[in-house]
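Below: the structure, in structure tokens.
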Amino acid sequence: VTGSLHMGHAFNTALIDTIVRFQRLQGRNVLCLPGTDHASIAVQTILEKQLRAEGLRKEDLGRDAFLERAWAWKAESGGTIVAQLRRLGYSVDWQRERFTLDAGCSVAVIEAFNRLHEQGLIYRGEYLVNWCPASGSAVSDLEVEMQEVDGHLWHFRYPLSDGPAADGRTHLEVATTRPETLLGDTAVAVNPRDPRYAALVGQTLTLPLVGRQIPIVADDHVDAEFGTGCVKVTPAHDPNDFAIGQRHNLPLVTVMAKDGSMNEAAGRFAGLDRFEARKAVVAAMEAEGFLVKVENYRHSVPFSDRGKVPVEPLLSTQWFVKTEPLAARCREALEQADPRFVPERWAKVYRDWLTDIRDWCISRQLWWGHRIPAWFVVSETGGVITDSTPYVVARDASDALAKAEAQFGGGTHAHPLVLEQDPDALDTWFSSGLWPFSTLGWPEAGAADLERWYPTSVLVTGFDIIFFWVARMTMLAGAFTGKMPFRDVYIHGLVRDENNRKMSKSAGNGIDPLLLIDRYGADALRFALVREVAGAGQDIRLDYDRPSDTSATVEASRNFANKLWNVTRFALMNLAGETPATLGEPDPAVLAQEGRPLQLADRWILSRLARVNRETAERYQNYGLGEAAKGLYEFAWNEVCDWYVELIKRRLNPGENPTPAALADQRTARQVLAKVLSELLLMLHPLMPHLSEELWHGLTAQPQETFLALQRWPVADASACDDALEASFAALIEAIRVVRNLRAVAGLKPSQSVPVRFVTGRAPLAEALAAATADITALTRAERVEVLDPAAAAASPAAKALAGVCGDLQVLLPIEGLVDLDALRGRLEKDIAKADKEIKGLTGRLANPNFADKAPPEVVAECRANLAEAEAQAGLARRRLADLV
RNA sequence: GCCCGCUUAGCUCAGCGGUAGAGCGCCUGCCUUACAAGCAGGAUGUCGCUGGUUCGAACCCGGCAGCGGGCACCA
């Protein structure tokens with residue numbers, strides 16, 4: 001609930017909903033449970049910013065009033081997001097909408113915390129954590145982002161306490177990017193094998209400005225090659241130094257407060273902000289002669305993801321989840337591909353993160369979130385919470401009291417037992433990590449939803465969230481349910497802007513999905529996003545023209561939607577009020593019996609339909625969503641609209657006083673058209689739910705309360721698939737193309753009709769062409785169509801004709817006088833060049849003895865056939881060219 | 001430093017052993033009664049470079065270069 005939906009959500013939603021709708025069409029009862037998380041730190045940051053604008057701090061309001069504001073924000077922001085998801089057509093069960101802070105999730109969080117604590121998998125302790133001074137809270141390692149910054153490397157002299165060494169040295173030189181931490185130094189470390197310092201290990205230095213005596217220690221962490229080989233050690237302010245400190249039992253001196261200012265331990269620098277303190281320390285060091293030099297230095301600094309300020313490693317008492325046992329279980333499951341990652345390469349990323357994983361700091365010094373279910377027995381420590389105040393972890397306050405009484409006695413009238421709940425909240429991801437089962441009724445034993453739906457089938461999410469969410473879910477699910485929470489994890493990429501930059505609120509380069517929905521429609525946006533995703537797991541770039549708020553990609557999908565609208569309109573105009581149901585299935589046997597058999601075009605489109613059906617179902621099923629979208633786009637536009645519809649127009653309009661045979665055939669065409677279109681709409685439904693639903697209703701005249709969304713995926717008719725038929729139809733299409741091309745080359749007006757003559761020695765092709773003369777006539781504006789074999793053609797030569805060649809098929813347009821000879825010559829020369837090039841390549845291959853020996857026979861045969869065809873084509877074209885002169 | 005991805009037509013991207021495709025853009029001609037948000041026709045590529053494997057490589061393997069990303073991080 002951090003604001004509003006962005007294009008990344010739209011993308012994610014489109015993918016999920018496509019899968020959900022497809023599975024529903026498969027007849028499955030699909031649960032897709034919607035909801036939002038409370039985004040603890042992000043929301044609190046937003047609210048505090050609002051408060052600052054009003055000149056207030058959250059402490060001025062108090063916890064309760066602040067939380068009221070937070071809930072108000074949640075209502076507003078959550079409402080916006082839900083409204084946006086609805087506009088996209090997200091077909092989820094809105095009655096089940098959940099929120100990570102709702103009652104059920106809260107029960108789950110408390111239970112989960114208690115159980116992990118009981119198992120020793122949650123502990124409390126003082127460690128160096130990532131402290132975000134901006135939000136005043138600890139954050140996890142994942143919420144820290146390294147950024148390269150231009151800084152300085154300051155070289156300082158630390159004098160030896162006991163005067164000059166044997167070799168006369170009076171000091172060691174150390175370098176640091178953070179001079180202010182010098183105040184907390186408790187040692188200087190050198191490499192144990194560094195001969196330069198071996199004699200000095202164990203001796204003492206006097207820390208400048210502070211005067212503390214600090215030892216010189218030998219530690220492997222130090223790289224003798226880097227800098228002077230001496231490292232100042234500040235265990236309370238640096239993770240590596242902390243580790244060194246542990247190894248050498250060094251004291252921890254914290255010199256900084258939680259707000260990023262220097263504390264009392266910083267002496268004269270106390271009260272200064274950390275960045276001012278840096279300057280002041282440098283100035284003081286210089287003034288006192290300890291500064292050797294300053295270098296410009298580019299280095300990485302940890303930044304808080306949310307606060308956008310450098311994170312401070314600070315010693316702090318926090319709650320942690322011991323992750324290794326949880327991660328081990330996940331790694332083990334992954335060996336059996338549980339869960340299965342799609343694409344598979346993300347499994348490695350997931351596994352690597354789960355290997356050598358560090359413990360998870362789950363407490364946040366925030367108000368908005370699940371309050372930690374731990375109660376401090378403050379009566380034991382004078383009424384306040386200190387690091388040594390004992391605590392109990394419990395399900396609620398009375399449970400806590402009972403536990404505390406058992407542990408500390410009931411207290412007395414004079415000294416009653418007083419408990420106070422930990423004021424801190426949990427990391428949002430702790431509750432998100434329980435989502436797959438907390439939303440299904442866990443921890444209630446035998447919860448019906450949990451039994452029925454858990455573990456889930458698939459999680460669909462972006463790769464940027466594998467660690468934050470996916471891994472947290474699998475770790476917690478493993479601990480509480482003994483199962484991985486989903487069978488598949490379908491990982492998708494990010495949506496990038498027109499300049500290939502990640503869209504983000506802070507960069508201000510987001511593209512508003514609602515704007516594109518307003519302009520092009522929700523289905524167009526969905527289709528465009530899914531269609532771009534063919535290379536699964538890859539980022540997608542949404543092309544976008546910012547000045548006009550237009551997107552060519554989405555526009556293309558809108559045009560496709562429009563095409564579907566128009567072809568359906570065409571069908572409605574031509575079905576004479578009949579529907580797929582009243583027309584009935586076009587069964588070939590029955591139709592033949594009735595004397596109105598399927599024609600070539602019908603059999604072709606039904607063959608294609610069956611094939612596309614199978615391909616598409618397989619693609620949807622295997623997360624090939626982009627391929628499914630592209631395949632349907634091509635089938636609908638290039639095959640159904642461009643060819644099939646054009647071919648049946650005459651049959652649908654047999655003219656005045658049609659014969660009974662023509663009327664019977666009209667019905668056949670109507671049956672096939674109705675079937676193809678209604679099934680196409682069904683197959684498109686997961687991608688374009690609104691449009692397909694509307695058009696399907698128009699086409700089928702189904703009542704309002706019947707939904708396409710709830711129909712079954714059409715059964716693919718395997719018997720309709722016919723390779724030979726598809727091949728000969730392809731040849732027919734090619735022949736028509738050649739005629740059209742010749743007409744264009746000759747510059748014929750569309751209204752001019754001319755005779756068309758095909759000459760071929762291949763009987764099957766001749767038959768197909770002869771059977772389709774009516775179609776060819778219509779599609780090429782032919783005056784008449786003849787199909788001749790070479791002998792017959794020789795008997796009645798058509799001199800000076802427009803001629804084209806396609807394989808061994810000659811296409812002649814005998815229209816002497818109308819011909820643009822130069823254009824025609826060009827066309828033939830082009831044909832010859834193309835054929836020659838092919839001949840050259842194929843001849844070369846066949847001439848290689850190894851090819852004939854080692855290549856599969858069918859490949860060799862195909863090669864020979866292609867060569868023969870190319871030679872025939874070249875020969876025919878040359879002859880035609882010669883005829884022209 | 002470790003790991004991953006990408007490099008194909010002007011742009012955005014498919015293809016992943018049999019000799020290159022789509023959408024958009026571009027050129028030509030069309031208001032042909034579903035659709036000009038359309039129809040028909042057309043042009044466009046040493047598939048990053050370089051070795052190798054193979055009868056054959058955009059595709060497989062090695063190296064290099066460039067771009068992008070993740071993880072870790074040296075004071």
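Note that these values count all heavy atoms, side chains included, but never hydrogens, waters or copies made by symmetry. In the text below, chain A, chain B and the rest are named by the order of the sequence lines, each starting its count at 1. Computed from a predicted structure; not experimentally measured.
- Going from atom CD of A/E148 over to atom P of B/C73 covers 14 Å, rounded to whole Å.
- Listed nucleotides: B/C55, B/A75, B/C13. Nearest to the side chain of A/F851: B/C55.
- Distances shorter than 4.0 Å separate some side-chain N or O of A/Y297 from OP1 or OP2 on B/A75.
- Closest to the side chain of A/A744, out of B/C35, B/C55, B/G41, is B/G41.
- Note on A/E615 versus A/R608: no salt bridge recorded, every NZ/NE/NH1/NH2 to OD/OE distance being 4.0 Å or above.
- Between A/R737 and B/G41 there is a side-chain N or O to OP1 or OP2 distance below 4.0 Å.
- Distance alone, capped at 3.5 Å, places no donor-acceptor pair between the A/N622 side chain and the A/G624 backbone.
- Between A/K649 and the phosphate of B/U32, there is no side-chain N or O to OP1/OP2 separation shorter than 4.0 Å.
- Separating the CG atom of A/L572 from the C1' atom of B/C35 is a distance of 14 Å, rounded to the nearest angstrom.
- When atom types are taken as modelled, the side chain of A/D497 and the backbone of A/M503 share no donor-acceptor pair closer than 3.5 angstrom.
- At B/G38, one or more side-chain N or O atoms of A/N559 fall inside 4.0 Å of OP1 or OP2 (strictly under the cut-off).
- Using a 4.0 Å heavy-atom cutoff across all strands shown, A/V645 reaches at least one base atom of the nucleic acid.
- Applying the 3.5 Å distance criterion, the base of B/A40 shares no donor-acceptor pair with the side chain of A/R740.
- Between A/K293 and A/E173, none of the side-chain N atoms (NZ, or NE/NH1/NH2) sits under 4.0 Å from a carboxylate O, so this pair counts as no salt bridge.
- With a cut-off of 3.5 Å on both pairing distances, the Watson-Crick or G-U wobble partner of B/C39 is B/G29.
- Listed pair A/W643 / B/A40 fails the phosphate criterion, with no side-chain N or O lying under 4.0 Å from OP1 or OP2.
- The phosphate of B/C39 (OP1 or OP2) has a side-chain N or O of A/K563 nearer than 4.0 angstrom.
- Judged by distance alone with a 3.5 Å cut-off, a donor-acceptor contact links the side chain of A/R845 to the base of B/U19.
- For the pair A/F463 CZ and B/G70 P, the computed distance is 7 Å after rounding to whole Å.
- Of the candidate nucleotides B/A75, B/C71, B/C73, B/C73 has the atom lying nearest to any side-chain atom of A/M146.
- A centroid separation of 6.0 Å or more is found between the aromatic rings of A/W346 and A/Y350.
- A/I540 has its CD1 atom 11 Å from the C1' atom of B/C13, to the nearest Å.
- Side-chain atoms of A/W637 lie closest to B/G38 of the nucleotides B/G38, B/A75, B/C55.
- For B/C11, the paired base is B/G23 (Watson-Crick or G-U wobble, both distances below 3.5 Å).
- Using the six-membered ring where Trp is involved, A/W637 and A/F560 have ring planes that are parallel, under 30° apart on the 30 and 60° scheme.
- Spacing between atom CD of A/E295 and atom P of B/A75 amounts to 12 Å, rounded to whole angstrom units.
- One C1' atom belongs to B/G45, the other to B/U19, and the distance between them is 14 Å to the nearest Å.
- Atoms CH2 (A/W353) and P (B/C71) sit 11 Å apart, rounded to a whole Å.
- Here the P atom of nucleotide B/A14 and the CZ atom of A/R619 are 15 Å apart, to the nearest Å.
- Taking only side-chain nitrogens and oxygens, A/R541 comes nearer than 4.0 Å to OP1 or OP2 of B/U12.
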